[in-house]
Every structure is written in C-alpha cells, then in structure tokens.
Amino acid sequence: MTRTAMRHPGLNLGPAHADAEDTREEMIFGFWVFMMSDFVIFGLLFATYVVMLGGTAGGPGPHELFEMKSVFIETLILLTSSFTFGMASLALKYREDTKPLVIWLIVTLLLGVAFIAYELKDFHTMFGKGGVPSRSGFISAFFSLVPLHGLHVLAACIWLIALLGQIAVHGLDSFVKTGLLRLAILWHFLDIVWICIFSLVYLGGLT
Amino acid sequence: MSRRALSKKRELSDEEAKELVAERRGYVWGLLAALVLTLIPFGLVAYAEIEPLTLYGSIAACAIVQIVVHFRFFLHITLARNKREDLQLILFTLLILTIMGGGTLWILFNLYYRMMPGMIP
Amino acid sequence: MSEQPQTSRRGSPLPWVLSRILGWSPVTLLTGCSATHITFLDPQGPIAQAQRQHFWFVVAMTMIVVLPVIIQTPWILWRYRYGGKAPYRPHWDMSRWLDVMMWGVPVIVVAILAVVLWQQTHRLDPYRPLDSDKAPLQVQVVGFDWKWLFIYPEQGIATMGQLVLPADRPISFQLTSATVLQTFFIPALGGQIDAMNRMVTKLHLQANHTGRFAGKNMQYNGGGFHHQRFTVRVVDDRQFDDFIAHAHRQGQPLDRQRYEEVLVQQGDTADAARALGLTSYQRGEPIRFAPIPRDLFRGIVDDAPFESAVHNPAPHQQAAMHPVAYQALPPKQQTPPKPTLPQDKETSQ
Amino acid sequence: MSGDLPDFIFGKLDWDTLPFWDALKDPTTFKIINAVISGGAGALVVLGALGVVILVTWLGKWKYLWSEWLTSPDHKKIGIMFIVIAIVMLARAVIEAVFMRAQQAVGLDGGFLSPEHFGEFFTTHGTIMIFFMAMPFLTGIINYVMPLQIGARDLSFPVMNQISLGLTAAGAAIVMISLVFTPFSTGGWSGYPPYTERAYNPGPGVDYWIWAVTLSTLSSTLTGINFAVTIYKKRAPGMKLFRMPLFTWTALTTAILMIFGMPPLTVATALLALDRYLDFHMFTSDLGGNMMNYVNLFWAFGHPEVYILILPPFGIFSEIFSTFSGKRIFGYPVLVVATICISILSFIVWLHHFFTMGQDAAVNAAFGIATMLIGIPTGVKVYDWMLTMYRGRVRLSVPMIYAIGFIMLFVLGGLTGIILATPSVDYQVHNSLFLIAHFHNMLIPGLLFGMLSATNFWFPKALGFRLEERWGRRAAYSWIVGFMLAFFPLYVLGVLGMPRRSLTFFEPAYLPWTLIAGFGALVILFAMLCLLIQLWVSIRDRHQNMMTAGDPWDGRSLEWSTSSPPPEYNFPVIPEVHSRDAYMSEKEQGKAHQVPDEFPDIVMPANSAMGVIIAVTGSAMAFGLTWYIWWLVILAGVVTLVAVIARGFVRKTTRVISSDEVRRTHLAWLECVRKTTPVDRSKEQSPENQGLPVPPVNGAVQ
Ligand code: HEA
Ligand code: HEA
Ligand code: CUA
Ligand SMILES: [Cu+2]
C-alpha cells in the first residue's frame, strides 16, 4: 500500500499536506477511539438482538418481515458509497482542485440519502405487515438495532453537507481535510456495521 | 492555502503518481472483493439448498472476510507498520466485544434454559 | 400511591428502645437467637449450615492475606517515621524475593478458595434437589406487590403470610412473580433466589427442626417493600397434616375474581386480609385458601386465564417433575394482556 | 390545567408536581413532615440558584465568570469546575445519606419518612454519589493533574472537554430540578425494570433518572476518549509509557474503562427509554420482553464502573505513599502490570451482581472465581504501597493519614468483596446491608479518601496556598472513626438478614446496630464540619501559607516543577524527560529551576462557548423529555445541531501567547523562587514552607 509512513488510521494524506499533520494525527486517533466505543454499542445491541430472537410473542418473525431484495439493494448502495468516498479521498490526496472531490462527495451523499430512503421504505413495509415495535420483544430489538445504523448514516450525511459548506466558505483548508478524513472513517465503519446487520439480522433471519 | 491555488491541479511526482495508481487499485480490488463476498451469502440464502448450520457458517465466514477486506482496503489498517496503536485498539475492542457479547449470550441462554425455555429460538 | 399507614408509627420510641437494648448481650445480638430464627449464622437447615461454614472459611482464608496489612502498617509507620532512627534507603524499589511472595501467597489463597468455591457452588446450587429418602414437598411461590402466595399444588391449598413446612423433609420450591422482580429468602434455611414475571426459578431447602423462621423479599419493589415478610412455621408431620386439613376446612376459595380483586392489588398481607374480610388477622399468621384453581401457578406464569376453583389435587402431575421448569409452553396469547396492575396508580396521583 | 394549549406548552407539568402540593391538599402530621423536608429541599435549590445569580450580579463578575471560566478551554479551570459540581452534588447526597441513617436509626416499626421519600433518597443518593459526585470529582482531578504530569499544555481536545463538562452540568442540573418539579425515581441507582417500566412507574421519576444518567454517561465517554488520546499522543519528549507517573497510568486505564465500560449503560438506558416512550418491549414483562437483559447490560457497565472509581485513587495513593515516604515507589513495573490486570479483569466479572438470578452453578462459579482473581493484583498493589513506606521516612501529613486509613480499611472491604464473590455465600448476603457495607467500605476509604487526599495534596498546586493542617487532621481522623462506626454495624445487620433499601424493620435485634450506625453518621457529619473549617481557616490564613515556589511536598513528578498556580500554558518550555520520577531526578542532579535557552511562542486553544451551549441545550432537552414538552425537545435539538455545525465553520480556534510574555512571567517566577528559603521536611507543615524543599542528598529527601 502506501509508502508514506502511516501516522494515523484511515487514509494518510502524506507529506504534500503537511499543514497541521500533528493535530490531524490526534484528531483522527481520537475519532478512531470514538468509533471503537460506538462499535461496542453496536456489538451489545447485536448480542441483545440475538437474545431477543425468541421473543416474538406469537407475532411476525424474520421470515414474515424481511425481504431479501431490498436488503440486497441497500447493501449495494452502501458498498458503492464506500467506494465513491474512497475516490473522494484519493481526489483529496492527489488533486489540488476541489471539483472532482466535490463531485465524488456529492455522489456519495446521494447514495447515502438513497440508502436512508430505501431503508425507510423497508420499515414502512414492515409496519404494514404488523411489524411494529410495540408488537413484540423481537421486533423491538430489531428496531433498536437497525435504525440506529440508519441514524448514523443520517448523521454522516449531515456532516457531509456541513463539510461541503465548509469547502464552499473556506476552501480546502486543513480543517476540512481533517474533517473529511474523519468522515471517511465513519463512512467505511458504517459499512462494516452494515455487513454485520445484513449477515446476522437479515440473512441469518431468512435462513 | 490560498483560494487561487485550489483551481489548478497539483503536479504529482513520479513516486506520488505511482502511489495514486496503487491506491486506486486498492479501492477497486476492495470493491470487487466486497461485491463477491456479498453475492455469495445472498446467493446461498436465496438459491442454495443446504442445511442451516452450514449456511450460517458460510454467511459468518463471508461476513468476517468482508470485514477484514473493508479494514484492509478502505480503512487501510495493515499489519506492517511502525505505529500499531490503531490495530491494537481494534484488537482490544474485539476482545472486549467477545467478552461482553459472548458473556451475554452465555448467561442469557443459560437463564432461558433454566427458567423460560420459550425464549430459546 | 398514598402513604402506608402502618409505617407512620410516631411518638417517642426512646424508652422502649432502651428497654430493648438492655435485654441483649452481644452474643444473642450476633446470632439473633430470638423466638424467630433470622439468620444463617443460626442455621436451621443443611443448606444454611453449609453456607455458614463456607462463610467462616472464606473469612479465615482471606485473613491470611489481610491480617499482615492490618498488623504491619502501623508497625512500619512507627519504625520508619520521619525523624526515627531506622535505616533509610530512598532508592530501594525492588526485591525479587518479595515479589514472589506477594504474588505467590495470594495466588495460593485464591486457588484454594476457588476450588472450594467450585465445589460448594455446585453442591449448594438452589436448583439441585436435596438428597433424602423422603419425597420432596412441592411448594409454588408467587410474589405480588407486597406479599407472597404459597401454593401447595399436591394438597390443593394455598396460604399467604405464613409458610407452613414439615420438618426433615426436602422442600422443592418453584417461584414466579405476578409483578416486578423480587427475591425470596428464608435466611435460616438457605439462600435467596429471584422470582420474575413469566419465568420460573427453583429452590430447594430443608429444615432440620421445628420452629419459626423469618422470611422476606430482598429486592426493592416499591413502597410496601419492607412489609413483604412472612413467617415460616416448620412443624412435624402430624401437625402438617392438621394444617392441610384445617386449610381445606376453613380456607377461602380462590378464584379469578378474588385473584384480581385481592392478590393483584398493591398492598401487603394485612391489606389483603382486610380485603378478604378477615378482621382479626394478625401479621405472621396464615391466610388460607382452598379450593384453588388447579392450574393457578401456571396460569400466573403465562398470564393465561386459569380455570376457576376446581378442588382437585393432582399429585405428581405438576410440571415440576420435568428437568426444565416446564417445556410445553402454550403459544403466547395473541392479544396484549390486560395490565395485571392496579390502574389506580395514575389516577390516585 | 386543561385544554390543548397549556398541554402543549407545559407537557405533563402541573401544580401537584410541586413538592408540598400533596400536603396542602390533605395535611396530616406525617405528610407535613415529609412535605417540609422535600419542600425545603426544593426551596433550597431555587434559593441557591437565585443566590448565586444575585451574588455574581452584585459583585459584577458576570463578564469575568464568562470569559475566565465558563468559556475557558483551560484543562485546569475545567478540572476545577468539575470538582465544584462534584462538591455541590456531594452536599445534597450527604444530606440524603444522613436522612436515611436517621430514618433507620428510629426505623424499628416506623420512622418519619414516607416510603416514596425514602425510595427517592436512596435512588438519588446512589445516583448522585456515583454519577455526579465520584465521576466529576475524579474527572476533575485527572483533568487538572494529568496534563501537568506528562508535560503537556492541555488535553488533546479542549473543546470536547468543555462539552463533557457541559453534559455533566446538565445532568446535575436535571437531578437538582427534580427537587422542584418532583418526583425522582424510586428504582435505585441500578433502575431495574420491570419496576422502572411505564406499566409500574408511569410518572416522570424514572425519566429524570434515565436522562440524568444518560447525560453523565455521554460526558464520561467523551472524557475517556479525551484522556486516552492525550496520554497516547501528548506526552513530553522522553516520557515513555513506562516512565509515566502512576497516577497518569491509572488515568489511562480509567479512560479506557470509560470508553469501553460506558456503552453498556448507554444501551441499557436507551432501551429502557424506548420502552417507556415508544412502547417497545425490551424489558417489559409481556410480549416477549425480558428484564434479565437489562440486568445483564447494567452490570456489564456497573462493574467496570466501580473500577473507574477506584483506579484513580489507587494512582493518587501511589503518588502520596512515595512522596511522603521520601522514597521511590516500590515495584513500579509490578504496579503498572497490576493496574492493567485489574482493568482487564474488571470486564469479566459482572455477573457477580446477580448470582441469585438463577443461572447454572457453573456460570456462577466461573464468574465467582474470576472475581476473586482481582484480589491478587489488588493485593500486590497494597503490599507494594506498604513496601514503599518500608525503609522510607514517613511523614504523617494529612494526605498520608487518609492514605493510611485507606490501606487498612480497604483491605477489609476487599475481604468482604471476596465473601460476596463466593456464590453460595452471596445467596445469603446479596441485597442485604452487608452489601451496602461492602461497597461503602470501598467507596469511602477508597474513592472518597482518595479524593480528599488528592485535594489536600494538589490544592497548593492549584490555588497557590496550602490547606491548614490541624483541622485537616481532625477531619481525617473523624472520617476514619466515623466511617467505622457508621458502616461496620451494617455488616452485622447484613448477616442478620436486613435487606437494603428497607424503610422500616421489625426485628428488635437490629436496633442497637442501626443506632450505632446513626451515631457514626453524626461523626461523619462532624468530619465534614472539620473539612469546612479547614477550608475556611486555610482561606483566611492564605498569605501565611503561600506556595509560590510550587513544590510544598518535595514532589517527584513534573507538576511540581512549575509555579503554583501554574501558568495557563503549564510549562514555558516543554520539559524533556530522562527517567521515572522526572522532577525528583532533576532535583537530585541539581537541574531544577534552570533558565531555558529560548522561549517559544505558545499556541493555546481559544475560548469557546460550546460547553455552555451544550449544558443549556442538554438540560433543556432532558427536561422536555421528562415532562413531554416536545417543542422544548425539538428546539434544544435544533440548537445543538446548529451549534455543532456552526462550530465546524469556525477557523480561529487558537490564540498565541507571545514569547516575550512567557519569558517575562517565567523569569519573574524564577526570581521569586531564588528568594525563597528552602526548608527541610521537618518544617513541611509550618509557615516556613514556601514551596521550596532543600535539594536531596544522594537521593535522600532531607
Ligand atoms: C470502588 C468501588 C468498589 C470496589 C473497588 C469493589 C471491589 C470489589 N468488589 Fe464490590 N461492589 C461495589 C463497589 C466496589 N467493589 C458496589 C458499588 C457494589 C454494589 C452495587 C449495588 O448492588 O448497588 C459492589 C458489589 C459487589 C458484589 C455483588 C454482591 C451482591 O450484589 O450480592 C460483589 C460480589 O462478588 C463484589 C465483589 C468485589 C470484589 C471481589 C472486589 C475486589 O476488587 C476487592 C479486591 C481487594 C482485596 C481483596 C483486598 C486487598 C487484597 C489483599 C490484602 C491481598 C490479597 C487478597 C486475596 C488473595 C483474597 N462487589
Ligand atoms: C461514592 C459513592 C458513595 C458515597 C461516598 C456514599 C456515602 C454515604 N452513604 Fe451511600 N450509597 C451509595 C454510594 C455512596 N454512598 C450507593 C451507590 C448506594 C446504593 C443506592 C441504591 O440502593 O440504589 C448507597 C446507599 C446508601 C444507603 C442506603 C442503604 C439501603 O439501601 O438501605 C445508605 C443508608 O444509610 C447510605 C449511607 C451513606 C452514608 C452515611 C454516607 C456517608 O459516608 C456520606 C458522608 C459523606 C460526606 C460527609 C462527604 C464529605 C466530604 C466533603 C464535604 C468533601 C469536601 C471536599 C473538599 C473540601 C475537597 N448509602
Ligand atoms: Cu429472570 Cu428468569
Ligand atoms: Cu462488581
């Protein structure tokens, strides 16, 4: 991979972006630690979900509620967005002009919004089938886990918009760069959480 | 960095240019690997007629490999590095998660078995 | 919820307190050797006895590592005080030999404690039936806000406020709660165990002697918590039979309506007695119920309607005989259950 | 109140949420007593807040307060503000403790408190002591001391530090407001469902509890991240991990425990909130909910939490033992390893809080044994501390008295911990007063003595003058005696089977012991009085006890090498570290107080209002959620979001202090040090001690 020495997790911008390398290192390490704390939250919710699988209380279970097709589409959207964010990161690292960066970011943002929209539609269908959290412990556990991921994506999208705003106002300064690097970590991390969700919740449930 | 500087492309040194190609290739490989590792479990669940236990196993295996792929290609966490704090951090997190998650499953299923068998799925 | 009238004993307690204190010597204080046995340090059954033994064993073992600290600290303080004549070695900061000692001794102590702990925990597991040539007496316990109901499924009766047990015969408890989490505890006989809504836990105890023991709930569950006590009266076999017969003769029938109007309401045993019209009820005395619905316990656990008042003891058919509390759960009812709680909570505020 | 509009504006708020309303409607003596207690408390909160506002206005200090404190990113000031919150909250929790002891002292067959009141007392007492006393106190101390010890200028994320403070302040405010708009939860600090579910406790009490605890949890998570990153990334050159002072080590492990130990609580309270607000069924008793899940999650947090509370005191005592023995700490590497062992082990024992829930003997035994393992590294630490004093020259100053009290009492608490860790015995003493005695035995001699000892130890560093010794000693001794009187009887009551959280009891055998315990609480109250007098006397005589030279105790780590109080930037030049006990070895080599070759410009974080904004929006949101005032919730949410985004657009986040100014300040201080007469340790507690010790001879403190 990169020959430049890695100073922090995620993409390293290297010597060409030496402005504020040191604070960046701290910022990104700190964000990484935060992600890990968040990861523990997700981990515990996963464990809780598994433990609550039996609590359907006679209500609908995974087979009645989940649809493979929409999950698959959501997965593809999120995966692609991870890739487009990667392209944005490269544009940040190797290009001086903001245009390709902004374009990639906007594509990523659209994918993120599409993901949320699709997920909402999915939940709506579930509600239609009687899959409301007040119905059973199992559905409650589902709705305490999966929408939390969705909320994270939403937060990431808002952050992305804020960063686009910062680019518009301040240009590509070191604050924006650090912000983008951190957001990249969040974005990829959400993809990882999604892998766990589709494997354990959806595919596991549909097996 | 002044605003004017933003409008022009940066001159890449040879080394940087090579790095760019390598990194871009990394993302593409990552995407491809992730795609394959997504398709396999979805395909298995949708079409294959195998017994659940194997199926769970393969889903889990694909998921784990895909997580490693994401860490490696998207988050750039590698083994070869002078500074290992982030890798240590991930491993420590995994340890804690195993303890807490595993402990939770052990304790609660044990409790279910002893007092509310209806909750065992 | 309104105040508990019982708790508001006002007026000066002092003279009464003094007279109480003067009557006690330290020994009786520690063992609590009163008419009612209240602690496992004064054990009345095999389980509590083993627990007492284990307790002192742990104390003794830990003393090995704790006493040196308590004895030597003052000594060091004195000997190495500022201005004292003892040698002063400001750079001395390690010693292999001492390191080995201070890891080694605790490791050994913990290892010994761990072995005993493993054995005792298994031996005293509340789920483990006790060895005995007599068949255990089945008792089903239901926790309410703030009282306990004791069901004798084989005898077809139930009591509140007092649990009557035969001496020298193992008792096999099954426990659940009709409300929030609570913990069933008879210190002089053995350990406590949680009782939870929709779940069944088990406990095995035995009393060696006849006598009166204190029983209580240990898990806070609201304003009347401190009143959720009962007396355990352990009697010989003949008296036990008398007790059963008496209950069948004099018991109040327990049906769905009584269950909902009396038991499920918040209030302690005395409140329940009042609601049942037992005007001369004394705390610690039993309220007897007979006949009782056959599937009462199970109905409470599932929150399913139980058949009303069929007086028909069906020994050995209870789910208690199964290795797992009970297996065949009927499908959970489809409708959301009626709140088993007094709804007056909100309105009375 | 009726009608749609008032409902919209005030949510569920109503007249009868005021604490004395019930008694007004239906007065009986009993109700009046309780209404006086709670009404008085509510009035105290209102008057206290008003008093502060009036005082500040009268002194004309708003601007000073705003620019020098509330918006200051300086870790030292934030640390002090954390401690102020802790002490205010402590005052309330202590009063509640005394009420509970008084109630139980007269509690045979009666007493004067109503059940709801008593329930609120133990719940708020426990919640406040853990989340709003202990956590802010130790966060404050770490905040103040740790950057100084590692030779840093500030934490890694000063603004996040402000936000942590803001969140804690918001949580504390919510707990205080609950005295005015009552009631608070009665579910205990552990808040077990289904008792805390809406079906059984529909009122606002549990909601107050949930949001207060959630705010505190968020604060601690952020603090943990901040501390960990600071220690990883901001150490002075040469300060290798194994050269860090032990207090910094414990700060690091505590930070890691915060990062990984808080999430289970976040999850537990969030799920409980979902149950209560959105009709989820995670922990309800019907429709497939399962309360055991909550118990499991809560203690997966709860046990690491108690080590979060005890590790920093361990570090504090390590510093104190070695400083006041004039000797290196014994077995530094072993102590570090033991600290790490304790923090990892603390994640694998949580089940010991619910041995009685009915799981298998094998599960219980496994967790019981894991629990006992913690005794080993803890014991090693205790022995190391004793050996630190051994062959030293022990000065019995106030921090040291607390340390001695700690070491001798803590081992007893540890012993009873081992008893509780034995499942078959725990079946007997679980949830009895034995348990209460155990954890107060850990928390008071451990945590509270640690905090008091740290206060006495670092006070001169922070404020520039020493705390008075005589009253300090009186306080310390009464604390020790009072503690023993107040809590040892509870061990007896526990084995006699008295349940915790009992309003009233009916066994005459309990009475003598509750009376002794009540008397002990009075002695503790006296100890507290001594503390207040100590503080008063110290402030009065502060000019006699000035410590400008900065090193009153012949300290060993870097914080003693700067002036007292330290300048905003801590060190004019970041020190270079060559060994453990960095400052002591400088002194041994005669290199202390040297004039640096050159002074750099120093870049410090600029002031920011983020902390204040978060404090306001956080408490507004929590209040709105508790009373179902949705417009307030939404408003607070939007303001928070806008503030966070706007903060991202700010570019001027730093401020430069010119090298001239740094030079001037530093040279002036050095001049002052030169004029100070060095003293040896026999004069440590006299006014002659101006903060300059005579240099050590051959490493021996004089
Ligand atoms: C600062 C707080 C603190 C600390 C440090 C500890 C430390 C320990 N605690 Fe405690 N504990 C609490 C605070 C704390 N605890 C609280 C708040 C609760 C109750 C919460 C609630 O229910 O509300 C609780 C409850 C609690 C329980 C649950 C009991 C129950 O609910 O029934 C148990 C059971 O195992 C336990 C055990 C221990 C043990 C083994 C230690 C060990 O870490 C102790 C280690 C120390 C020593 C052992 C002494 C020194 C060692 C030596 C001198 C030499 C070596 C010793 C040996 C070889 C044995 N604690
Ligand atoms: C850090 C934690 C902490 C501390 C310090 C204390 C301190 C005290 N506690 Fe507390 N307590 C808990 C944590 C704590 N407690 C918890 C978690 C519970 C369980 C709640 C539940 O059941 O859910 C509990 C429960 C509890 C009960 C309920 C028991 C029951 O359930 O029946 C009682 C009863 O008396 C009690 C008493 C006391 C007393 C008398 C003190 C006294 O020691 C208090 C006296 C303290 C002071 C007097 C402080 C003085 C210090 C200063 C003023 C510092 C000044 C500072 C400077 C100058 C820098 N406690
Ligand atoms: Cu709790 Cu079964
Ligand atoms: Cu614990």
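Labels below follow one simple rule: chain letters A, B, ... track the order of the sequence lines, proteins then strands, and each chain is numbered from 1.
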Side chain to side chain contact (heavy atoms under 4.5 Å, CB included) for D:Leu396 and C:Arg81? Distances and angles first, verdict last.
CA-CA 8 Å; D:Leu396 212 56; C:Arg81 68 192 181 279; over 6 Å; no
I need the residue from D:Val334, D:Asn364, D:Val382, D:Thr196 with the largest number of non-hydrogen atom pairs under 4.5 Å to chain C.
D:Val334
Can you label the angle between the D:Phe330 ring and the C:Trp92 ring as parallel, tilted or perpendicular, going by 30° and 60°?
tilted
Where does C:Arg229 contact chain D at under 4.5 Å (heavy atoms): side chain, backbone, both or neither?
side chain
Under a 4.5 Å cut-off applied to non-hydrogen side-chain atoms, are D:Leu415 and C:Met63 in contact?
yes
Report yes or no: does D:Ser424 contribute a side-chain atom to a donor-acceptor pair with the main-chain N or O of C:Gln51 at less than 3.5 Å?
no
For each of D:Gly188, D:Gly375, D:Ser682, tally heavy-atom pairs with chain C at distances under 4.5 Å, and name the one with the top tally.
D:Ser682
Chain C shares the most heavy-atom pairs under 4.5 Å, among D:Lys327, D:Met386, D:Arg391, with D:Arg391
Measuring heavy-atom distances to chain D, does C:Pro87 have an atom under 4.5 Å in its side chain, in its backbone, in both, or in neither?
backbone
The interface call for C:Ser95 against chain D, heavy-atom contacts under 4.5 Å, is both
Proximal component of D:Ala362, with respect to chain C [non-hydrogen, under 4.5 Å]
both
Considering only heavy atoms and a distance below 4.5 Å, find which of C:Pro74, C:Ser177, C:Gly191, C:Pro90 pairs most often with chain D.
C:Pro90
Closest non-hydrogen atoms of C:Ala214 and D:Glu507, given as atom of the first, atom of the second and distance, are CB-OE2, 4.1 Å
In Å, rounded to the nearest 0.5 Å, how long is the span from CG of C:Asp194 to CG of D:Asn431?
8.0 Å
Measure across C:Tyr220 and D:Thr186 and return the closest heavy-atom pair with its distance rounded to 0.1 Å.
CE2-O, 3.2 Å
Is the backbone N or O of D:Tyr427 less than 3.5 Å from a side-chain atom of C:Gln192, with the two atoms forming a donor-acceptor pair by type?
yes
Give, for atom OG1 of C:Thr39 and atom CE of D:Met498, the distance between the pair rounded to the nearest 0.5 Å.
14.0 Å
Provide the closest heavy-atom pair for D:Ala509 versus C:Ile38 in the form atom of the first, atom of the second, distance.
CB-CD1, 4.4 Å
Pairs of heavy atoms under 4.5 Å with chain C: top-ranked of D:Gly187, D:Ser285, D:Gly379, D:Pro193:
D:Ser285
Determine yes or no for a side-chain-to-main-chain donor-acceptor pair under 3.5 angstrom, with C:Tyr88 supplying the side chain and D:Gly326 the backbone.
yes
Where does C:Ala50 contact chain D at under 4.5 Å (heavy atoms): side chain, backbone, both or neither?
neither
Heavy-atom pair of closest approach, residues D:Tyr383 and C:Met102
CD1-CB, 3.5 Å
Rounded distance (nearest 0.5 Å) linking atom CG of D:Leu387 with atom CD of C:Gln72:
8.5 Å
Once rounded to the nearest 0.5 Å, what's the spacing between atom OH of D:Tyr332 and atom CG of C:Asp93?
11.5 Å
With heavy-atom distances below 4.5 Å as the criterion, would you say the side chains of D:Met291 and C:Arg198 are in contact?
no
So which residue, C:Phe225, C:Trp103, C:Trp118, ends up with the most heavy-atom pairs under 4.5 Å with chain D?
C:Trp103
C:Val180 versus chain D, heavy atoms under 4.5 Å apart: side chain, backbone, both or neither?
both
Indicate yes or no: at least one non-hydrogen side-chain atom of D:Ile419 is less than 4.5 angstrom from one of C:Phe55.
yes
Which atoms of D:Phe354 are under 4.5 Å from chain C, going by heavy atoms: the side chain, the backbone, both sets, or neither?
neither
Please state whether the side chain, the backbone, both or neither of D:Glu588 comes within less than 4.5 Å of a heavy atom of chain C.
side chain
Pick one of side chain, backbone, both or neither for D:Asp426, based on which atoms fall under 4.5 Å of a heavy atom in chain C.
backbone
Counting heavy-atom pairs under 4.5 Å with chain C, the top scorer among D:Met400, D:Arg395, D:His430, D:His117 is D:His430
Go through C:Arg52, C:Gln219, C:Met94, C:Met218 and name the one with the most non-hydrogen pairs under 4.5 angstrom from chain D.
C:Met218
Measure D:Ser325 against the heavy atoms of chain C and call it side chain, backbone, both or neither at under 4.5 Å.
backbone
Do you know which of C:Gly83, C:Gly190, C:Pro68, C:Ala111 has the most heavy-atom pairs under 4.5 Å to chain D?
C:Gly190
Tightest non-hydrogen contact, residues C:Lys216 and D:Pro499, listed as CD-CG, 3.8 Å
Are any non-hydrogen side-chain atoms of D:Leu412 and C:Ile70 less than 4.5 angstrom apart?
yes
How close do D:Ile418 and C:Thr62 get, heavy atom to heavy atom, and via which atoms?
CG2-CG2, 3.8 Å
Can you tell if the side chain of C:Leu77 reaches within under 4.5 Å of the side chain of D:Ile404, non-hydrogen atoms only?
yes
Per-residue contact mode, C:Asn217 against chain D (heavy atom under 4.5 angstrom):
backbone
Just say parallel, tilted or perpendicular for the rings of D:Tyr390 and C:Tyr80, cut-offs at 30° and 60°.
perpendicular
Side chain, backbone, both or neither: which part of C:Leu98 has a non-hydrogen atom closer than 4.5 Å to chain D?
side chain
Tell me, side chain or backbone of D:Phe122 under 4.5 Å from chain C's heavy atoms, or both, or neither?
side chain
D:Val425 and C:Gln120, any side-chain heavy atoms less than 4.5 Å apart:
no
C:Trp56 atom CH2, over 12 foreign heavy atoms within 6.0 Å
no
Which one of D:Ser502, D:Gly358, D:Gly331, D:Ala700 has the most heavy-atom pairs closer than 4.5 Å to chain C?
D:Ala700
Donor-acceptor pair, D:Gln428 side chain versus C:Ala48 backbone, under 3.5 Å?
no
Side chain, backbone, both or neither: which part of C:Ala114 has a non-hydrogen atom closer than 4.5 Å to chain D?
both
Report yes if some heavy atom in the side chain of C:Thr73 is under 4.5 Å from a heavy atom in the side chain of D:Met389; otherwise report no.
yes
